[in-house]
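Side chains are part of it too, since the values below use all heavy atoms of this structure and drop only hydrogens, waters and symmetry mates.
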Amino acid sequence: MYSHFISILEKISSITTPLLFSVIIIELIILYFGKKIKLKKESLINFLCLGFGSIPYVLFYASLELNIMIWFYENTRLWTLSNEWYVWLLGFICYDFMWWVVHYAGHKIRILWCIHGVHHTPKEMNMSVAIRGSIFDFFQYFHLMVWLPIIGLNPYMLITIDVISRLYGVFTHVNEQRFKKTPFFDKILITPMLHRVHHSSNNIYIDTNFSNLFCIWDRLFGTYQQELDSEKPIYGITDSEGKEVNTENIISSQFGLLKHLFNDIKSTPKWSNKIKYIFMPPDWKPL
């Protein structure tokens with residue numbers, strides 16, 4: 001039943017995996033010799049984050065998620081959808097909507113921000129930033145696809161869509177020397193310009209452009225923001241008390257935000273505030 005999708009995934013992986021790393025490394029070499037990289041260890045930490053994050057993914061997340069998706073598809077699906085092109089388009093749209101929802105939650109719920117915020121720690125933008133994530137990413141991104149088989153989308157179709165969408169997401173992290181503005185595509189897609197804005201800590205740019213592929217959701221929910229000529233993006237994360245995460249240190253990058261949360265929880269005697277620190281937005285403070 002699923003052999004067709006398995007063959008598609010195998011072909012995609014065999015071509016895209018070496019191509020992906022080659023493109024990332026080539027960009028880093030160009031930036032390095034062009035003296036565009038100041039934090040030389042940062043890119044190395046990006047690769048280390050990928051390595052550490054892959055361990056729980058391979059051992060736990062991938063098989064569990066797939067098995068749950070198959071169970072939902074075989075036992076709870078509301079409709080049986082075909083393999084036509086318009087179903088694939090529906091799959092991309094539904095997946096991208098879930099990306100917006102999960103991504104938005106990752107910025108608005110403190111404990112989820114401690115996971116997703118790892119991806120935002122780099123202070124320089126290049127495609128290696130796309131592979132920097134938390135070792136706990138599977139807790140958050142589990143929800144991207146796991147519920148969609150209920151409406152009849154084939155699990156292997158969704159995994160294929162996930163691979164393609166994530167590959168596109170690597171491209172949106174390209175250094176700002178390339179694709180500065182693409183006016184036509186900026187109206188339809190999340191372009192490198194729009195994603196640079198998302199990574200910026202400037203007040204006007206914070207919590208914008210949450211989608212991965214289509215910018216329709218950000219336009220619909222009021223989180224769309226173009227880069228302004230008068231406001232150059234400043235990358236990295238901000239903290240309400242000026243605490244910093246060392247983006248060139250693997251331990252600080254992975255656990256710095258969790259440490260800040262733990263310290264905030266310890267700082268308040270009220271249990272209601274301790275709980276609120278976990279689930280309220282990252283900048284929340286007790287009155």
Phe52 CZ: over 12 foreign heavy atoms closer than 6.0 Å: no

Heavy atoms from other residues, nucleotides or ligands near CG of Asn75 exceed 12 (cutoff 6.0 Å): yes

What heavy-atom pair brings [X] and [Y] nearest, and what distance separates the two atoms?
X	Y	result
Ser128	Asn46	OG-ND2, 2.8 Å
Phe139	Phe142	O-CB, 4.0 Å
Ser43	Asn126	OG-ND2, 3.9 Å
Pro149	Phe72	CB-CB, 4.2 Å
Met98	Leu144	CB-O, 3.4 Å

Does [X] reach the main-chain N or O of [Y] with its side chain, forming a donor-acceptor pair under 3.5 Å?
X	Y	answer
His199	His195	no
Ser201	Ile237	no
Ser253	Cys49	no
Asn212	Trp100	no
Thr182	Phe185	no
Asp162	Leu158	no

[X]: partners by side chain to side chain contact (heavy atoms under 4.5 Å, CB included), with sequence neighbours left out:
X	result
Lys276	Asn273, Met280, Trp284
Ile251	Asn249, Phe255
Lys274	Ile265, Thr268, Trp271

Apply salt bridge (Lys or Arg N to Asp or Glu O under 4.0 Å) to Arg196 and list each qualifying residue two or more places apart in sequence or on a separate chain. Glu227

Going hydrophobic residue to hydrophobic residue with side-chain gaps under 4.5 angstrom, can you get from [X] over to [Y]?
X	Y	answer
Leu39	Val174	no
Val146	Tyr156	yes
Val102	Ile216	yes
Leu19	Phe171	yes
Phe262	Val118	no

Can you name the residues that form a side-chain hydrogen bond (donor to acceptor under 3.5 Å, both in side chains) with [X], not counting sequence neighbours?
X	value
Thr80	Arg77
Trp147	His143
Glu248	none
Thr172	none

[X] [atom1] to [Y] [atom2] distance, which is reported to the nearest 0.5 Å:
X	Y	atom1	atom2	result
Cys94	Met145	SG	CE	13.5 Å
Ile159	Leu66	CD1	CG	4.5 Å
Asn202	Thr208	CG	OG1	9.5 Å
Gln254	Ile115	CD	CD1	10.5 Å
Asp186	Phe184	CG	CZ	10.5 Å
Gln140	Ile109	CD	CD1	8.5 Å

Quick one, [X] and [Y] - any side-chain contact, counting heavy atoms below 4.5 Å?
X	Y	result
Arg166	Tyr141	yes
Asn67	Trp71	no
Thr247	Pro122	yes
Leu81	Asn154	no
Trp85	Leu89	yes
Ile164	Phe92	yes
Leu258	Phe136	yes
Phe21	Leu50	yes

Lys NZ or Arg CZ of Arg132 over Phe47 ring: under 6.0 Å, within 45°: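 Here Arg132 fails the 6.0 Å and 45° test against Phe47.
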
Would Val129 and Tyr235 satisfy side-chain contact (heavy atoms from CB on, under 4.5 Å), going step by step from the backbone distance to the final call? CA-CA 11 Å; Val129 173; Tyr235 305 118; over 6 Å; no

So, Asp218 and Thr223: side-chain donor and acceptor under 3.5 Å apart, yes or no?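 Thr223 and Asp218 do have a side-chain donor-acceptor pair below 3.5 Å.
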
Any side-chain donor-acceptor pair under 3.5 Å between Trp88 and Asn83? yes

Apart from Met193 itself, what residues make up its hydrophobic cluster, given side-chain heavy atom links below 4.5 Å?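 Its cluster mates, by chain and number, are Ile190, Leu194, Val197, Ile204, Tyr205, Tyr224, Leu228.
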
Looking at residues at least two apart in the chain, or sitting in another chain, which of them share a ring-ring contact (aromatic ring centres under 6.0 Å, His included) with Phe97? Trp217

Got a sec, which pairs hit salt bridge (charged side-chain N to carboxylate O under 4.0 Å, His left out) with one end in residues 96-108, sequence neighbours left out?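 Listed once each, the pairs are Lys108-Asp207.
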
Please tell me whether His119 and His198 form a close aromatic pair, meaning their ring centres lie under 6.0 Å apart.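 For His119 and His198, the ring centres are not under 6.0 Å apart.
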
Parallel, tilted or perpendicular for Phe210 and His103, by the 30°/60° rule?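 Ring orientation of Phe210 relative to His103: perpendicular.
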
Would you mind writing out the side-chain donor-acceptor pairs for residues 23-38 within the sub-3.5 Å range, not counting sequence neighbours?
| from | atom 1 | to | atom 2 | distance (Å) |
| --- | --- | --- | --- | --- |
| Glu27 | OE1 | Met127 | N | 2.8 |
| Glu27 | OE2 | Asn175 | N | 2.8 |

Take Asn209 and Cys215 through the test side-chain contact (heavy atoms from CB on, under 4.5 Å) and record every step on the way to the result. CA-CA 7 Å; Asn209 302 340; Cys215 65; over 6 Å; no

Verify side-chain contact (heavy atoms from CB on, under 4.5 Å) between Tyr277 and Ser267, making sure each step is shown before the conclusion. CA-CA 10 Å; Tyr277 263 126; Ser267 70; 4.3 Å; yes

Show, in sequence, the C-alpha distance, side-chain angles and deciding distance for Tyr95 and Leu153, and conclude whether the side-chain contact (heavy atoms from CB on, under 4.5 Å) test is met. CA-CA 10 Å; Tyr95 174 91; Leu153 292 170; over 6 Å; no

